[in-house]
Each structure stands twice: as C-alpha cells, then as structure tokens.
Amino acid sequence: MAEMLRVEDVEKYYGNKSNLTKAIDKISLSVDKGEFAAIMGPSGSGKTTLLNMIATIDKVTAGHIYLSGTDITKIRGEAMNRFRREMLGFIFQDFNLLDTLTVYENIALALQIQKVKPEEIDRRVVEAAHLMNLEQILNKYPYQISGGEKQRTASARAVITRPKLILADEPTGALDSKNAKNLMEHLLELNKKREATILMVTHDAFTASYADRVIFIKDGRLYSEIRKGEKGRKAFFDKIIDMMSLLGGDFNDVI
Ligand code: ADP
C-alpha cells in the first residue's frame, strides 16, 4: 500500500539546557493510505506531542514528517494554515463544534471557507451525514443533541474536505460506552468505505481495538506495535490489554 504519513527520526525537547524534557526521542513510523492506526502509551509518554507535531500545531526539534510526500516541518505561515485546512481533518475529545451553528452548518463550514459552490456543499454534507447517521438532526444545534451525536457531527466535519489524513485525539474520551461503540463503528465504516486514513491517539483498549494496528510508545520512544490481522476485534482487544499491562505506567489504572 502507498505510504501516506512518514515520521522520520523526530525529536521534541521542551525547556532549556538546565531543565530539558525529551518529550519525543527519535521516533520513526509510517501510516499507509487507507490505514486505521492508533497510538497508545502511558500518560506523559509523548502521544499528544507527537500528534500535535503531525498536526503542525507544534514544531519538531529535529527530524522530518512527510504527508503524501511533502515535508510538513518545512511549511510556514499562510501555507501552513492552508495545509491544515485542506490536508487534515480533526476529531477532538471535546468535539469543538460551534454552538451558534446547526449540525448542517458545522459540517459545511470548512467548505464554505474554501468557497465551494452551494450545490456541491449540499451534496457533500448530505453524503457525510448519511455516513455518520445524522440525517435526522441536521437542523438541530449542538446543545440539542447528545454527546455521541456531537462526536459524529465532528467526524462528518472532519471528512467533508476529503483530507489526506484524519487525526483523532481521544475521540471517545467524553462518551459513554454505548456512544463510544457507535462512534467507533462509524469511524470504521468511514475508514473501510471511503478509504479514509486515520491516526488516533487513545488510552482506551476498546477504542483502539477498532484500528488495524496499534503503535505503543513509552518515554517518548517507540515501544512496540501490534496488528489486528485475521483474528478480529475481540482477539485484538485482548492483545492490546496484554500489551498495556506489560507497558505499565498509569495504564494499569484504566484496565
Ligand atoms: P501524553 O500525551 O502521552 O500524556 P505528552 O505528549 O502530553 O504525553 O507529554 C510528553 C512529555 O512532554 C511529558 O513529560 C510532558 O510533561 C512534557 N510536555 C508536554 N508538553 C509540554 C510543554 N508545553 N512544556 C514542557 N513540557 C511539556
């Protein structure tokens, strides 16, 4: 499969000489086009830092990150904003929807900014809403819908621009288990039907078990990775739990 994302020898330090934190210590990894990958690791292992550098929200200290062949550590200013808008889709733990816009308007916003024609916007919103099962609530406001519906709206918003990569940061973090399962099934469908490439950070084994592959990091370094393979989600979930116990740290609190 073609490579979509490549992280090459990335390092990230915070602070100064007398008080240096090595948040990421030479990480290299890649994600293929159409792959659904998860990153797990104990608290403080560098997950958020890594995701933020891929999102161009934070800068690398050393190394390179290529998205679809472009070195994104070299992009600056307006080009970076454009890159973020056009190449990436974001799903955050706390949804980040605009309260004064309806579900439809929240999903459509990125295309309006890109000045896409209204008929095309409508066609794409309807398609994304269908995929995320939001057809019945398109005219509601965020305060009128459930947490699960909010996160499915955020997911529809993330795919509407047809980004090269969807970055999800603890997407089920604010959901109960029923809504978490529902969201993950929709994200899986998005990945399989639309061949969306997804990179997700989570501390939750159930959420991670929907991915094709889980990459474990510890102390800012790659620790190991496991693949789902043919055995299915339940067997993969058990493998993830085993790896979490092996890794230790505050993982043990959530098992
Ligand atoms: P995780 O997401 O796995 O919990 P983080 O990426 O948030 O881990 O943090 C990795 C390490 O970098 C931690 O030791 C954390 O304290 C440190 N760190 C993260 N952000 C900053 C920052 N802005 N300034 C200083 N240290 C930071």
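Just so you know, residue 1 is the first one in the sequence shown, and it goes up from there. Counting starts at 1 for both ligands and their atoms, following the listed order.
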Which residue and heavy atom of the protein sit nearest atom 4 (O) of ligand 1, plus the separation: Gly44 N, 2.7 Å
Residue, atom name and distance, where the atom is the protein heavy atom closest to atom 12 (O) of ligand 1: Ala23 CB, 3.3 Å
Protein non-hydrogen atom below 4.0 angstrom of atom 15 (C) of ligand 1 present: no
Thr207 side chain to Thr202 backbone, donor-acceptor under 3.5 Å: no
Gly220 touching ligand 1 at heavy-atom level, < 4.0 angstrom: no
Side chain proximity check, Arg194 to Glu189, heavy atoms < 4.5 angstrom: no
Shortest protein contact, atom 9 (O) of ligand 1 (heavy atom only): Thr49 OG1, 3.8 Å
Identity and separation of the nearest protein heavy atom to atom 8 (O) of ligand 1: Gly46 N, 3.1 Å
Parallel, tilted or perpendicular: rings of Phe92 and Phe90 (30°, 60°): parallel
Residue and atom name of the nearest protein heavy atom (relative to atom 7 (O) of ligand 1), distance in Å to one decimal: Thr48 CB, 3.9 Å
Heavy atoms of other groups near Glu135 CD, more than 12 under 6.0 Å: yes
Polar contact flag for Thr21 and ligand 1 (N/O pairs, less than 3.5 Å): no
Among Leu88, Ile54, Thr197, the one residue meeting side-chain contact (heavy atoms from CB on, under 4.5 Å) with Leu67: Leu88
Within 45° cone of Phe36 ring axis and under 6.0 Å: Arg213 NZ or CZ: no
Ring-face cation contact, Tyr14 with Lys12, 6.0 Å cut, 45° max: yes
Top protein contact for atom 23 (N) of ligand 1, by heavy-atom distance: Tyr14 CE2, 3.6 Å
Side-chain donor-acceptor contact under 3.5 Å, Asn139 with Thr102: no
Heavy-atom gap Ser43 to ligand 1 smaller than 4.0 Å: yes
Subset of ligand 1 atoms that lie under 4.0 Å from at least one heavy atom of Ser45: 1 (P), 3 (O), 8 (O)
Element-labelled atoms of ligand 1 that are located less than 4.0 Å from some non-hydrogen atom of Pro42: 3 (O)
